[in-house]
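Contents: one structure, followed by commentary.
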Amino acid sequence: LVIDGLLLGGTAGTVRIAGRVPYDPFAPPTKRMLAGALALEAAVDLPDLQALNILLARNLIPPGSLKATAKISGTWEKPVGSLSFAGTLPAPPPEIKPAPPGPVQLRGEIAIARGLITLQELRVDSPGLRFAAAGAWSGVPSPELLLQARSGQLPGTLGFKGELAVQDL
């Protein structure tokens, strides 16, 4: 699968994807991931998240914005990658009750390398709430083995630490 400069854009934002993924979507499920190098980069800039509601039967996406970048390289057996994202919600979704007042700022950084997925940072900040977390999943099998797993159990070890501060419950 080769994506040579895919650009989806308009007044609601942009999505850019470019690179190579050794994947055959038409092969039998157990043979879709092919040998070869991964080389994929993506960037998303959505100043108006609600524009995505056109893809849904109901307006489920609240107002807000999102910027994200992702890169992956290596092979299916030994992928290396990163994901960073940042976003803003003017107010928490009304379904989340009770919720501190907005605006809510969200940002995160994730790295993938050598059987390890590291949540380097996850932060949520608002006038009445502060949440921070970091952690790692070690012993992560290759994406191919993860997709073929049928037991519902994921191997490896999870370790996280975090901080939560709420001004008024």
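Counting begins at 1 with the first residue of the sequence.
To the nearest 0.5 angstrom, Asp24 atom CG is 12.0 Å from Met33 atom CE. Considering CG of Leu83 and CD1 of Ile72, their distance stands at 10.5 Å, rounded to 0.5 Å. Once rounded to the nearest 0.5 Å, the distance linking OG of Ser82 with CD of Glu41 reads 8.5 Å.
The salt bridge (Lys or Arg N to Asp or Glu O under 4.0 Å) pairs that include a residue from residues 69-89 number zero, where partners must be two or more places apart or lie in different chains. Sequence neighbours left out, the pairs with a member in residues 99-113 that pass side-chain hydrogen bond (donor to acceptor under 3.5 Å, both in side chains) are Thr88-Gln105, Arg107-Glu121.
Using a distance-only test at 3.5 Å, with no hydrogens or angles considered, no donor-acceptor pair links the side chain of Trp76 to the main chain of Gly36.
The two residues Ala111 and Gln120 have their closest heavy-atom pair at CB-NE2, 3.7 Å.
Leu122 and Leu158 fall within a single hydrophobic cluster, where Ile, Leu, Val, Met, Phe, Trp and Tyr are joined by side-chain heavy atoms under 4.5 Å apart, directly or via other members. Ile117 and Val80 are members of different hydrophobic clusters when ILVMFWY side chains are connected at heavy-atom separations under 4.5 Å.
When each of Leu164, Val104, Leu89 is tested with Val124 by the rule side-chain contact (heavy atoms from CB on, under 4.5 Å), just one qualifies, namely Val104.
Scored by the side chain to side chain donor-acceptor pair (under 3.5 Å) test, Ser84 finds Thr69 as partners (sequence neighbours excluded). Residues satisfying the side chain to side chain contact (heavy atoms under 4.5 Å, CB included) test with Ala136, not counting sequence neighbours, are Leu116, Thr118. For Asp125, the side chain to side chain donor-acceptor pair (under 3.5 Å) partners at least two apart in sequence or on another chain are Arg123. In this structure, the side chain to side chain contact (heavy atoms under 4.5 Å, CB included) partners of Pro90, at least two apart in sequence or on a different chain, are Pro63. Under the rule for a side chain to side chain contact (heavy atoms under 4.5 Å, CB included), Ile54 has no partner lying at least two apart in sequence or in another chain.
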Name the atoms and distances for all side-chain donor-acceptor pairs under 3.5 Å in residues 42-52, with sequence neighbours left out.
from  : atom 1 : to    : atom 2 : distance (Å)
Asp48 : OD1    : Gln50 : N      : 3.2

Output a table of donor-acceptor pairs, distance under 3.5 Å, between side-chain atoms of residues 13-23 and any protein atom two or more places apart or on a different chain; print 'none' if there are none.
none

Under 3.5 Å, sequence neighbours excluded: what are the donor-acceptor pairs made by side chains of residues 127-134?
from   : atom 1 : to     : atom 2 : distance (Å)
Arg130 : NE     : Glu163 : OE2    : 3.1
Arg130 : NH2    : Glu163 : OE2    : 2.5

